[in-house]
Amino acid sequence: MAENLFPENYSDEMQIISPENTNDSYVGYKESIYFDFETEDFLRDGSNKLMSCTGTDAWIQWCIKCLNTPRYERLAYSTDYGIDYNEIFSSKSREEVESNITREVTEALNADPYKRLSYISNIQFEWVDDTTVNILLELVGIDGNTAVVNSTFNAA
């Protein structure tokens, strides 16, 4: 019976795995499974197989999901993910709320681990009432593609 449990060429030095020395690209668009926000389920084809979407569509879906997730309320997500609706609507004036929305949206979308957002080129606000605002964002990805995303923010 062998006395050594480790292979002969075993090294106990830690190997640092970074994007430079792996085959996976850390930054950029990656394909994913298509999520249908209307049915709140993954999209399936006629044979009930999950449908995939392009990397750009996956990024847009990630942005929509991020904007619709309350920050600090879901243990599955880090504290960087989502929007702090309580912080947004703690202000008294609409201008302050709009400023808070801009800050929260920018922080949340820049928390993308794949760094797919280059910048937010435009944010428009449409107030429904004193506690509800629709926002329209124009996002520019790292490849120059633009995406228009809308979301509704409500006071809790």
Side-chain angles (χ1 to χ4, degrees), residues 14-91 94 96-156:
M14 290 183 58
Q15 294 180 350
I16 299 174
I17 298 175
S18 65
E20 293 81 33
N21 60 10
T22 64
N23 292 333
D24 295 335
S25 175
Y26 183 72
V27 176
Y29 302 104
K30 293 189 178 201
E31 290 183 5
S32 184
I33 303 300
Y34 189 87
F35 188 80
D36 187 355
F37 288 98
E38 291 179 16
T39 63
E40 296 182 356
D41 196 6
F42 294 104
L43 191 62
R44 297 177 182 269
D45 64 9
S47 63
N48 206 26
K49 292 182 181 176
L50 294 172
M51 295 181 65
S52 63
C53 63
T54 65
T56 304
D57 288 338
W59 169 58
I60 295 168
Q61 289 184 345
W62 184 92
C63 292
I64 293 169
K65 178 69 175 149
C66 182
L67 294 174
N68 292 324
T69 301
R71 189 180 285 189
Y72 311 119
E73 293 184 16
R74 305 290 189 263
L75 295 177
Y77 299 118
S78 74
T79 57
D80 294 335
Y81 188 82
I83 302 294
D84 187 356
Y85 295 106
N86 295 328
E87 176 70 23
I88 287 174
F89 289 100
S90 65
S91 302
R94 286 186 175 187
E96 289 179 34
V97 170
E98 290 177 1
S99 176
N100 286 342
I101 289 173
T102 302
R103 179 182 44 78
E104 282 286 327
V105 165
T106 303
E107 285 178 9
L109 295 181
N110 279 323
D112 180 9
Y114 297 118
K115 307 296 183 203
R116 296 170 284 194
L117 177 68
S118 183
Y119 61 93
I120 300 171
S121 67
N122 190 14
I123 300 179
Q124 297 176 10
F125 303 94
E126 180 186 335
W127 286 87
V128 177
D129 57 34
D130 289 336
T131 60
T132 305
V133 60
N134 294 324
I135 64 165
L136 186 70
L137 304 166
E138 188 172 337
L139 309 174
V140 179
I142 56 174
D143 60 354
N145 284 342
T146 59
V148 177
V149 174
N150 57 13
S151 187
T152 301
F153 290 0
N154 296 318

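Position 1 is the first residue of the sequence, and the numbers go up from there. Note that the coordinates shown come from a computational prediction; the quantities given were computed from them, not determined experimentally.
For the atom pair Ile33 CD1 and Leu50 CG, the distance stands at 5.0 Å (nearest 0.5 Å). Atom OG1 of Thr152 sits about 8.0 Å away from atom CG of Asn68, to the nearest 0.5 Å. For the atom pair Tyr34 OH and Asp45 CG, the distance stands at 14.5 Å (nearest 0.5 Å). In this structure, the separation between CD on Glu31 and OG1 on Thr54 is 7.5 Å, given to the nearest 0.5 Å. A distance of 6.5 Å separates CD1 in Ile120 from CG in Asn110, rounded to the nearest 0.5 Å.
Closest non-hydrogen pair, Gly28 versus Ile142, comes out as CA-CD1, 3.6 Å. Of all non-hydrogen atoms in Ala58 and Lys30, the two that sit nearest each other are CB-O, 3.5 Å. In terms of heavy-atom proximity, Ile88 sits nearest to Asn100 at O-ND2, 3.3 Å. Nearest heavy atom pair, residue Pro113 against residue Trp62, reads CD-CZ2, 4.2 Å. Considering all non-hydrogen atoms of both residues, Gly141 and Tyr29 come closest at CA-OH, 3.2 Å.
A donor-acceptor pair is defined here as one N or O able to donate and one able to accept, closer than 3.5 Å; such a pair exists between the side chain of Glu104 and the backbone of Asp84.
The ring-ring contact (aromatic ring centres under 6.0 Å, His included) with Phe153 is formed by just one residue from the set Tyr85, Phe125, Phe89; it is Tyr85. Applying the side-chain contact (heavy atoms from CB on, under 4.5 Å) test between Leu137 and each of Asn150, Leu109, Val148 identifies Leu109 as the sole match. Between Thr146 and the choices Asn122, Val140, Leu139, the side-chain contact (heavy atoms from CB on, under 4.5 Å) rule is met once, by Val140.
Here the side chains of Asn145 and Thr56 are in contact, with some heavy-atom distance below 4.5 Å. Residues Thr131 and Asn154 have side chains not in contact (no heavy-atom distance under 4.5 Å, counting atoms from C-beta outward).
Every residue meeting the ring pair (Phe, Tyr, Trp, His ring centres under 6.0 Å) condition with Tyr77, not counting sequence neighbours, appears here in chain and number order: Tyr81. Phe35 pairs by the ring pair (Phe, Tyr, Trp, His ring centres under 6.0 Å) definition with Phe37, Phe42, not counting sequence neighbours.
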Yes or no on side-chain contact (heavy atoms from CB on, under 4.5 Å) for Asp36 and Asp41, after CA distance, side-chain angles and deciding distance? CA-CA 6 Å; Asp36 187 355; Asp41 196 6; 6.0 Å; no
What's the verdict on side-chain contact (heavy atoms from CB on, under 4.5 Å) for Glu98 and Trp127, showing C-alpha distance, side-chain angles and the deciding distance? CA-CA 10 Å; Glu98 290 177 1; Trp127 286 87; 2.8 Å; yes
Evaluate the side-chain contact (heavy atoms from CB on, under 4.5 Å) criterion for residues Gln61 and Ser32: first the C-alpha distance (whole Å), next the side-chain angles of each, then the deciding distance (0.1 Å), finally the verdict. CA-CA 10 Å; Gln61 289 184 345; Ser32 184; 5.7 Å; no
Test Arg71 against Ile83 for side-chain contact (heavy atoms from CB on, under 4.5 Å), laying out the working first. CA-CA 5 Å; Arg71 189 180 285 189; Ile83 302 294; 5.6 Å; no
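Residue pairs satisfying the salt bridge (Lys or Arg N to Asp or Glu O under 4.0 Å) criterion with at least one member in residues 124-140, sequence neighbours excluded, are listed as follows: Arg94-Asp130.
With respect to the salt-bridge test (charged N to carboxylate O, under 4.0 angstrom), the residues Arg103 and Glu87 qualify.
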